Every structure is written in C-alpha cells, then in structure tokens.
2 protein chains.
Amino acid sequence: MFVSQKCQYALRAVFELARCHGQGSIKIARIAEAQAIPRRFLEVILSQLKQAGFVASQRGNKGGYFLTRPPDDLTVGEVMQFVQGPLGPVSCIVGDAKNPCPLYGNCAFLPMWKEVQKALSDIYDNTTFQDLIDQEKQKAVEGMFCYSI
Amino acid sequence: MFVSQKCQYALRAVFELARCHGQGSIKIARIAEAQAIPRRFLEVILSQLKQAGFVASQRGNKGGYFLTRPPDDLTVGEVMQFVQGPLGPVSCIVGDAKNPCPLYGNCAFLPMWKEVQKALSDIYDNTTFQDLIDQEKQKAVEGMFCYSI
DNA sequence: CTCTTGTCGACTAAATCAATCGAGATGATA
DNA sequence: TATCATCTCGATTGATTTAGTCGACAAGAG
C-alpha cells in the first residue's frame, strides 16, 4: 500500500470540509464521525493542515474548521504531497539529494519511473475536491434510478 | 517514495540476470557490483526470488544465479508484486481483509484509487525485462548519434 | 462564569526497513 | 581427495516510520 492511513484520513477530512463548504465551522467530532477517523489523531492531522494553510479554524464554543479555498481550487495532489511528501515512485526521480541513485543517468528503470510519476500526477493533480463531490452526487442519482420505487 | 529500496534492488538484480540470460550462472558478487547493491542484502533478496521461482541457482565453485524464464516473459509487475505485495494505492482496493475501509461502498475516493491502480498496472504489468534491455540498447545508439564523431 | 471546542507538545507501542553476520553445505577442479 | 569459491539459512540489529494517545491549557459564545 502506497498511501498511508494518515494521508487517507487527511483526504477524507478535507473532503468532508469541502462538502460543507460555506456552512461555517465544522467540528472535529463531526468530521471524525462522518469519515470514521480516530478523533485524537484527527486533531493532529487538522492541526498540520492548518499550518499548511489548507484549512483555518475557529476556537471556542461553536468553533470548528473550514476550508480556506473553494473545493474546485484544491486538488487531491496538493494535500497528498503535503502529508506524504513527494509523490514519485522512487527517490531518484523526485530529486532527493539524500538518496542519489548510484546509477543515475544509467539506470534502466528511469524511463519507467518517469512514466509512473506522470501517470500519478495526471490523476492526483487533476482531481479537485469539487470533482469528488460532483462524482458522489452523480452516484446518488444513479442509485435512485437503479434501486428506488 | 512508494517503491522500497529492497524492491528496487530486486528489480535491478533481475535486470542484470536478464541482460546476461543464456550466459550460464551469474555470481552474486558480480550482480552486486554491476547494480550497486549491498552484497549481503542481495543474498537475502536473491534467496527470496528463488523461493518464488523467478530465479534458480547453481551452488559451489562456478556457481551463481540465472533466470528461470526468458526476459520477454517476465514483467516488472510480477517481481514488484512478489517483493512489495499488492501494488494498489490503498488497502481497500486490493481486497485486504485485515484493513476493510469503514466507508466501503460509500467512499468518495474509491473511483480515483481504482483509476490509479489501473494506471500502475498498465505500466508495471506491461513492461517486460526484455523491454528494458531493448530500451537501454536504443539509448546507447542515440548516445552515439549525439555525442560521438 | 461556564461549557464547548480547538491547541500544543510529549509520549508510546508496534511494525517495517535496510541491512549485517556467522556458520554451514555444495560442487568444480586440481 | 583436498581446496576453495560460492550459495544457504537463520538470527539479529539499529534506525525510522506509522498510527495513534494523553493531559493540560487557551479561547470564545451565551
């Protein structure tokens, strides 16, 4: 598995905030319940997302979190990159000076890794949270056609 | 980084064996040097690849390892899957009964994860070691055109 | 004032990663 | 048959990452 639990929690939390965008502050407890995320862990995650500027918060009674940007201006890739670090398959490709490939420039796998990175980027960087919301709505409509009456 | 060091070593080792396919047994030491892999660690890796049937070995003096299948019949995906486990981005998608997604069937990200898995599979399962060898040869030819006189 | 909610840093148990090591078995060859 | 290069196997290790948990504190609405 390539996407950590923490990163999945972060994405689900942001998705929940995106779904409620414009409705004011959303409480941690509500996000935790709606998206099945351990509450205390979610605190840590949201606090980091706040540092990064993806979300903002309101303290005190009636407080909570909310997105700082509209859902159609926030991509899955941005959040993932912040939580997990570079999205490439191997370190030589993301320019990690700590782990230079000893075969760099001569590695038979380099073209393949680049292909993979592009494929991932094509998906993650082109999926906004608004896309996910729309997709979910569409699915609900399809569900009505198939299962109701 | 999503592909472990060990997995990269395994791929490079198999590549080296693929490149020498048909030349009899190749010594661990030679593979280790050619592909810049820690020797003792490579022993562990090759031993596992042998368990899996990707390679076979000859003991004693003049011993070494060799591929059991021709390079055009062995994909990168097969080796990666064996070394790293399932290649999907998240556990819910690879049918991991230990980590069932608590939102399964209702998770907004599921379609995206499926897209990612397909993209990865399209690359890894369609790249054979023969492809890598050919690619390397092609590159060498281009190098002649560009830099030599 | 009080109750609800976010804030912050410290802490931890478990798993995974990336090896390393030593002793032994095998087999080609001289 | 002795030797030497090579694979074999299990144990062990240190560092890092993962996935959380906890307690005390700060802020703000009513």
Side-chain angles (χ1 to χ4, degrees), chain A residues 1-13 16-17 24-33 35-52 54-68 80 83-86 90-91 96 98-99 101-102, chain B residues 1-13 16-17 24-33 35-52 54-68 80 83-86 90-91 96 98-99 101-102:
Chain A
M1 261 36 55
F2 302 146
V3 178
S4 69
Q5 197 66 21
K6 181 180 175 182
C7 186
Q8 292 181 60
Y9 288 156
L11 291 175
R12 297 218 298 261
E16 188 65 22
L17 291 178
S25 297
I26 314 296
K27 287 185 282 193
I28 287 188
R30 173 172 160 188
I31 302 171
E33 193 187 4
Q35 294 291 328
I37 304 170
R39 210 215 133 137
R40 284 331 268 277
F41 197 21
L42 181 56
E43 288 179 14
V44 174
I45 294 167
L46 283 171
S47 153
Q48 290 178 23
L49 290 173
K50 185 185 170 184
Q51 301 292 318
F54 292 115
V55 304
S57 63
Q58 170 77 20
R59 296 175 73 152
N61 201 344
K62 299 277 175 183
Y65 281 89
F66 50 94
L67 284 189
T68 55
M80 286 186 69
V83 178
Q84 293 225 134
V90 296
S91 63
D96 180 356
K98 290 290 188 67
N99 293 351
C101 173
Chain B
M1 260 39 53
F2 303 144
V3 179
S4 69
Q5 196 67 21
K6 180 179 176 184
C7 186
Q8 292 181 61
Y9 289 156
L11 291 174
R12 297 220 296 262
E16 188 65 21
L17 291 178
S25 296
I26 313 297
K27 287 186 283 192
I28 286 188
R30 171 169 161 191
I31 303 171
E33 193 187 5
Q35 294 290 329
I37 303 171
R39 208 214 132 142
R40 284 329 270 278
F41 197 21
L42 181 57
E43 289 179 12
V44 174
I45 293 167
L46 284 172
S47 154
Q48 289 178 23
L49 290 173
K50 185 184 172 184
Q51 300 294 317
F54 292 115
V55 305
S57 63
Q58 171 77 19
R59 295 176 74 152
N61 200 345
K62 299 276 176 185
Y65 280 90
F66 50 94
L67 283 190
T68 53
M80 287 187 69
V83 179
Q84 294 225 133
V90 295
S91 62
D96 178 356
K98 289 289 188 71
N99 293 350
C101 172

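Any value given below was found using the heavy atoms of this structure, including those in side chains, with hydrogens, waters and symmetry copies removed. Numbered from 1 within each chain, the chains take letters A, B, ... in sequence-line order. In this text the structure is predicted, and so the values were computed from the model without any measurement.
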**Q** So, under a plain 3.5 Å distance rule, would you say the side chain of R59(B) forms a donor-acceptor pair with the base of dA25(C)?
**A** yes
**Q** Take the protein atom CD of Q5(A) and the nucleotide atom P of dA15(C), then report the distance between them rounded to whole Å.
**A** 15 Å
**Q** Measure from CD on Q48(B) to C1' on dC7(D) and round the result to the nearest Å.
**A** 15 Å
**Q** Reckon S47(B) has a side-chain N or O less than 4.0 Å from the OP1 or OP2 of dC7(D)?
**A** no
**Q** Using a 4.0 Å heavy-atom cut-off, does G60(B) contact any base of the nucleic acid, only the sugar-phosphate backbone, or nothing at all?
**A** base
**Q** Would you tell me whether Q58(B) and K27(B) have side-chain atoms, one donor and one acceptor, within less than 3.5 Å of each other?
**A** no
**Q** Verify salt bridge (charged side-chain N to carboxylate O under 4.0 Å, His left out) between E33(B) and R30(B), making sure each step is shown before the conclusion.
**A** CA-CA 5 Å; E33(B) 193 187 5; R30(B) 171 169 161 191; over 6 Å; no
**Q** Please compare R39(B) and K62(A) by the position of their nearest nucleotide in DNA chain C and report the one closer to 5'.
**A** K62(A)
**Q** For K27(B) and dC4(D), what is the distance between atoms NZ and C1' respectively, to the nearest whole Å?
**A** 12 Å
**Q** Once rounded to the nearest 0.5 Å, what's the spacing between atom CD of E43(A) and atom CD1 of I31(A)?
**A** 11.0 Å
**Q** Atom CG of L42(B) and atom P of dA18(C): how far apart are they, to the nearest Å?
**A** 15 Å
**Q** Examine dT7(C): is either OP1 or OP2 under 4.0 Å from a nitrogen or oxygen in the side chain of S57(A)? Give yes or no.
**A** yes
**Q** Compare the minimum distances between each of dT21(D), dT20(C), dC7(D) and the side chain of F41(A), then state the nucleotide with the smallest one.
**A** dT21(D)
**Q** Mind calculating the distance between CZ (F2(B)) and C1' (dT16(C)) to the nearest angstrom?
**A** 17 Å
**Q** Take atom CD1 of I28(A) and atom P of dC22(D), then tell me their distance rounded to the nearest Å.
**A** 16 Å
**Q** How long is the straight-line distance from CD1 of I28(B) back to OG of S47(B), given to the nearest 0.5 Å?
**A** 9.0 Å
**Q** Indicate, yes or no, whether a donor-acceptor pair under 3.5 Å links the base of dG23(D) to the side chain of R40(A).
**A** yes
**Q** Does a side-chain N or O of K50(B) approach OP1 or OP2 of dT8(D) to a distance below 4.0 Å, or not?
**A** yes
**Q** Let's go through L11(B) and V83(B) carefully: what are the C-alpha distance in whole Å and the side-chain angles of both, what is the deciding distance for side chain to side chain contact (heavy atoms under 4.5 Å, CB included) to 0.1 Å, and is it a yes or a no?
**A** CA-CA 9 Å; L11(B) 291 174; V83(B) 179; over 6 Å; no
**Q** What nucleic acid atoms does L46(A) come within less than 4.0 Å of, heavy atoms only: base, sugar-phosphate, or nothing?
**A** nothing
**Q** Do any side-chain nitrogens or oxygens of K6(B) fall under 4.0 Å of OP1 or OP2 in dC17(C)?
**A** no
**Q** When you match N61(A) and E43(A) each to their closest nucleotide on DNA chain D, which lands nearer the 5' end?
**A** E43(A)
**Q** Tell me whether the OP1 or OP2 atom of dA28(C) has a side-chain N or O from Q58(B) closer than 4.0 Å.
**A** yes
**Q** Return no unless some side-chain N or O of Y65(B) is found under 4.0 Å from OP1 or OP2 of dT6(D).
**A** no
**Q** Nearest whole angstrom, please: distance from the C1' of dT5(C) to the CD1 of I26(A).
**A** 14 Å
